[in-house]
Amino acid sequence: FGPYLFDEWRYEDFGEPGMDCSTRPLKKDFVLNQPRYAGAQVLLARDNFGCGSSREHAPWAIENYGFQVVIAPSFADIFFSNCYKNGLLPIVLPADAVDKLFRECAANEGYKLDVNLEAQKVTTPSGESFAFDITPHRKHCMLNGLDEIGLTLQHADEIKAFEAKHKAVQPWLFA
């Protein structure tokens, strides 16, 4: 999905699934087509980012493109939740902080933010830090690379024990 991220904004032509995007003409004025942003891992966005993107395809495309973090003043609820389910870290910062990050990024080629999930801080090249909130459960999952299946598999021995007991107590269900 990464090659199709922001498709209508990135490309001059109309995209179709399965197209070879490497040969498509790029819109020169689209920010992600500028060489200075190649390989970026943090996406700065505005209010209500991800609205209209309730399917998991949007976080998949963002993550497949190479982003690991999206910073915005607010997110659409379903998109926000789907980010966590797919290992993409959505960070909510105040609008004035996001505005400052946009200005500094535009003014400084090679601008890099340090995102420290464990400390829950975003730090600029000048050393200014912005704290962000994340629930303990989501933080644990993100730090340990756990999705819902991985979280469940942490209890594999307990699940196997339950299944064995269930089979012994009600063997007719397994005939």
Pair up each side-chain donor or acceptor in residues 16-24 with any protein partner under 3.5 Å, not counting sequence neighbours, and list the distances.
{"residue": "D20", "atom": "OD1", "partner": "S22", "partner atom": "N", "Å": "3.1"}
{"residue": "D20", "atom": "OD1", "partner": "S22", "partner atom": "OG", "Å": "2.6"}
{"residue": "D20", "atom": "OD2", "partner": "S22", "partner atom": "OG", "Å": "3.3"}
{"residue": "T23", "atom": "OG1", "partner": "D20", "partner atom": "O", "Å": "3.1"}
{"residue": "R24", "atom": "NE", "partner": "D13", "partner atom": "OD1", "Å": "2.9"}
{"residue": "R24", "atom": "NH1", "partner": "D7", "partner atom": "OD1", "Å": "2.7"}
{"residue": "R24", "atom": "NH2", "partner": "D7", "partner atom": "OD2", "Å": "3.1"}
{"residue": "R24", "atom": "NH2", "partner": "D13", "partner atom": "O", "Å": "3.3"}
{"residue": "R24", "atom": "NH2", "partner": "D13", "partner atom": "OD1", "Å": "3.0"}

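Looking at N33 and R10, their side chains come closer than 4.5 Å, going by heavy atoms from C-beta outward. Counting heavy atoms from C-beta outward, I71 and L113 have side chains that approach closer than 4.5 Å. Residues Y11 and K27 form no side-chain contact, since every pair of their non-hydrogen atoms from C-beta on lies 4.5 Å or further apart. I62 has its side chain out of reach of N86: every pair of non-hydrogen atoms, C-beta onward, lies at least 4.5 Å apart. Side-chain contact between Y37 and L43: absent, with no pair of heavy atoms (C-beta onward) separated by less than 4.5 Å. Side-chain contact between H57 and Y4 is absent, with no heavy-atom pair separated by less than 4.5 Å. Between E63 and Q68, every side-chain heavy-atom pair lies at or beyond the 4.5 Å cut-off. The closest side-chain heavy-atom distance from L5 to N64 is not below 4.5 Å.
Of the possible polar contacts, none joining the D147 side chain to the K85 backbone as a donor-acceptor pair under 3.5 Å is found. At least one donor-acceptor pair under 3.5 Å links the side chain of N116 to the backbone N or O of A119. Side-chain N or O atoms of R138 include none that pairs as donor or acceptor with a backbone N or O of S81 at under 3.5 Å.
Under the 4.5 Å side-chain contact rule for hydrophobic residues, F67 and W9 share a cluster. F30 and F102 fall within a single hydrophobic cluster, where Ile, Leu, Val, Met, Phe, Trp and Tyr side chains are chained together by heavy-atom contacts under 4.5 Å. Under the 4.5 Å side-chain heavy-atom criterion for Ile, Leu, Val, Met, Phe, Trp and Tyr, W60 and I78 are members of distinct hydrophobic clusters. Residues L146 and Y84 fall into different hydrophobic clusters, defined by Ile, Leu, Val, Met, Phe, Trp and Tyr side chains chained together at heavy-atom separations under 4.5 Å. The hydrophobic clustering, which links ILVMFWY residues whose side-chain heavy atoms are closer than 4.5 Å, places Y65 and F1 apart.
The CD1 atom of I91 sits 8.0 Å away from atom CD1 of I134, with the distance rounded to the nearest 0.5 Å. D47 CG to S74 OG: the interatomic distance, rounded to the nearest 0.5 Å, is 4.0 Å. With values rounded to the nearest 0.5 angstrom, L93 atom CG is found 6.5 Å from L101 atom CG. Here the straight-line distance linking atom NZ of K139 with atom CG of L117 works out to 6.5 Å at 0.5 Å rounding.
Counting non-hydrogen atoms of neighbouring residues, nucleotides and ligands closer than 6.0 angstrom, the CD atom of E12 exceeds 12 such neighbours. The number of heavy atoms from other shown groups lying within 6.0 Å of CG (D99) is above 12. For I149, the CD1 atom counts as loosely surrounded, since its 6.0 Å shell holds 12 or fewer non-hydrogen atoms of other residues, nucleotides or ligands. For H137, the NE2 atom is loosely surrounded, since the number of other residues' heavy atoms within 6.0 Å does not exceed 12. Around the CD atom of E118, the shell of radius 6.0 Å holds no more than 12 heavy atoms that belong to other residues, nucleotides or ligands.
Residues R46 and V98 approach most closely at NH1-CG1, 4.3 Å, considering heavy atoms. The two residues V92 and F132 come nearest to each other via the heavy atoms O-CB, 4.0 Å. When all heavy atoms are compared, the tightest approach of P73 to A45 is CD-O, 3.5 Å.
Donor-acceptor pairing under 3.5 Å is lacking for the side chains of Q34 and K28. Counted by atom type alone, E158 and H155 present one or more donor-acceptor pairs between their side chains at under 3.5 Å.
K167 is linked by a side chain to side chain contact (heavy atoms under 4.5 Å, CB included) to F174, counting only residues two or more places apart in sequence or in another chain.
For residues 100-109, the set of pairs meeting the side chain to side chain donor-acceptor pair (under 3.5 Å) definition, not counting sequence neighbours, comprises K100-E128, E104-Y111.
Using the six-membered ring where Trp is involved, F79 and F75 have ring planes that are parallel, under 30° apart on the 30 and 60° scheme.
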Evaluate the side chain to side chain contact (heavy atoms under 4.5 Å, CB included) criterion for residues V122 and D114: first the C-alpha distance (whole Å), next the side-chain angles of each, then the deciding distance (0.1 Å), finally the verdict. CA-CA 6 Å; V122 174; D114 178 61; over 6 Å; no
